[in-house]
Amino acid sequence: MSGATGGDAAAVAERLRHVYWLGGGSGGAKSTVARHLAARYGLRYYGTDDVMSDHAARSTAADSPRLAEFVAMDMDQRWLHRSPEVMLETFHWFQGEGFDHIVDDLLALPAAPGIVVEGFRLLPRLVAPLLADRSKAVWLLPTPAFRERALDHRGGTWTIAGRTSDPRRALDNLLTRDRMFTDRLAAELRELDLPGITVDGSVTEQDLTDRVAAAFRL
């Protein structure tokens, strides 16, 4: 960790005791649930997607080499000319690049009110050392069908794919990559004994929010 975070994860964890971590796969209702929780319990909302541009600008090729490689590619190189497996292994946010910026941002915010931070960038292996209270972290794991419906509903299905020369294949690549990422998250959660909630659309947003709140002991 950089800057104010230093190298003492236990000390940082204590300073972040007021933070609730909501990670998971893309399209898994993280932002929706986090905003509901923030409104219901008077928490500050911090969405990691919202600060990606800022964090990219604060990164260097030395500390974020995969990001630098990604930025140098055109859209076809990113989403068509590589397999989903390669996309998974080389995507900068999936490999934890820029996570230190999230931690530094959280440390710079007041300790009150509490903070609910959400996003796919909250990798279990990176969050686990920062948990003074393990009940304050949950991951939402969308099924492939739910993810595709959610992305289509929010109008973002073709946002990236539509900027390539073969949108259908690019979309298939993206969905496959994201499915593998969610599978990897699930395996990591089992290894670290951290909680994950499958999101398949069988419960309402309210019920899902209630379940996350219960996991957080709110």
Exercise. Less than 4.5 Å apart, any side-chain heavy atom of R134 and any of D193?
Worked result: yes
Exercise. Measuring from W21:CH2 to L126:CG, what's the distance to the nearest 0.5 Å?
Worked result: 9.5 Å
Problem set entry | Evaluation steps, side-chain contact (heavy atoms from CB on, under 4.5 Å), between V19 and Y46 | CA-CA 10 Å; V19 175; Y46 178 101; over 6 Å; no
For this session: Write down the atom of S165, the atom of L80, and the distance for their closest heavy-atom approach.
Result: OG-CD1, 3.4 Å
Exercise. Can you name the closest pair of heavy atoms from P195 and L189 and give their distance?
Worked result: O-CD1, 4.0 Å
Problem set entry | Point-to-point distance, once rounded to the nearest 0.5 Å, from CD1 of I102 to OG1 of T48 | 5.0 Å
Exercise. Below 4.5 Å, heavy atoms only, C-beta onward: do R179 and P84 meet side chain to side chain?
Worked result: no
Seminar exercise, completed: Nearest heavy-atom approach of G24 to L185 is C-CD1, 3.5 Å
Exercise. With side chains defined as the heavy atoms from C-beta onward, is the minimum distance between Y20 and D133 less than 4.5 Å?
Worked result: no
Exercise. Roughly how far, to the nearest 0.5 Å, is the CZ atom of R125 from the CD atom of E191?
Worked result: 10.0 Å
Listing, residues 136-147 side-chain donor-acceptor contacts under 3.5 Å, not counting sequence neighbours, or none:
from	atom 1	to	atom 2	distance (Å)
K136	NZ	R17	O	2.6
W139	NE1	L122	O	2.7
T143	OG1	F146	N	3.2
R147	NE	S26	O	3.1
R147	NH2	D178	O	3.4
R147	NH2	T182	OG1	2.5

Problem set entry | Partner set under salt bridge (charged side-chain N to carboxylate O under 4.0 Å, His left out) for D74, not counting sequence neighbours | none
Problem set entry | Any pair counted as salt bridge (Lys or Arg N to Asp or Glu O under 4.0 Å), so long as it reaches residues 78-96, sequence neighbours left out | E89-R184
Exercise. Between OG1 of T32 and NZ of K30, what distance do you get to the nearest 0.5 Å?
Worked result: 9.5 Å
For this session: Determine, step by step, whether I160 and W79 satisfy the side-chain contact (heavy atoms from CB on, under 4.5 Å) criterion, reporting the C-alpha distance in whole Å, the side-chain angles of both residues, the deciding distance to 0.1 Å, and the verdict.
Result: CA-CA 9 Å; I160 294 175; W79 310 116; 3.2 Å; yes
Exercise. Any donor and acceptor pair, going by atom type alone, linking the side chain of D63 with main-chain N or O of T60 inside 3.5 Å?
Worked result: yes
For this session: Indicate yes or no: at least one non-hydrogen side-chain atom of D49 is less than 4.5 angstrom from one of F120.
Result: yes
Problem set entry | Derivation of the side-chain contact (heavy atoms from CB on, under 4.5 Å) call for F99 and R121 | CA-CA 7 Å; F99 182 77; R121 297 170 61 192; 5.6 Å; no
Exercise. Mind checking whether V51 and L43 sit in one hydrophobic cluster, side chains of I, L, V, M, F, W, Y counted as touching below 4.5 Å?
Worked result: no
For this session: Can you see which heavy atom on L123 is nearest to which on E188, and at what distance?
Result: C-OE2, 4.1 Å
Exercise. Which distance, rounded to the nearest 0.5 Å, do you find between the CG of L109 and the CD1 of I115?
Worked result: 4.5 Å
Seminar exercise, completed: For E118 and A34 the tightest heavy-atom approach is CG-CB, 3.6 Å
Problem set entry | Parallel, tilted or perpendicular: ring planes of H101 versus H55, cut at 30 and 60 degrees | tilted
Exercise. Going hydrophobic residue to hydrophobic residue with side-chain gaps under 4.5 angstrom, can you get from L131 over to L218?
Worked result: no
Problem set entry | Close side-chain approach of V203 to R211, heavy-atom, < 4.5 Å | no
Exercise. Hey, are the side chains of S59 and E97 touching, using non-hydrogen atoms and a 4.5 Å cut-off?
Worked result: no
For this session: List the steps, then state whether side-chain contact (heavy atoms from CB on, under 4.5 Å) holds for V33 with V116.
Result: CA-CA 10 Å; V33 170; V116 56; over 6 Å; no
Exercise. Are any non-hydrogen side-chain atoms of D8 and R15 less than 4.5 angstrom apart?
Worked result: no
Exercise. Can you tell me how far the OG1 atom of T209 sits from the OH atom of Y41, to the nearest 0.5 Å?
Worked result: 9.0 Å
Seminar exercise, completed: Closest non-hydrogen contact found for R58 with D105 is NH1-OD1, 3.0 Å
For this session: Answer with yes or no whether the hydrophobic clustering places L192 together with F181; edges join I, L, V, M, F, W, Y residues whose side-chain heavy atoms lie under 4.5 Å apart.
Result: yes
Exercise. Are F216 and L194 joined in one hydrophobic group, where the rule is that I, L, V, M, F, W and Y side chains link up if heavy atoms are under 4.5 Å apart?
Worked result: no
Exercise. Under a 4.5 Å side-chain heavy-atom rule over Ile, Leu, Val, Met, Phe, Trp and Tyr, are L67 and L88 clustered together?
Worked result: no
Exercise. Has the side chain of T164 got a donor or acceptor atom that lies under 3.5 Å from a matching backbone atom of A161?
Worked result: yes
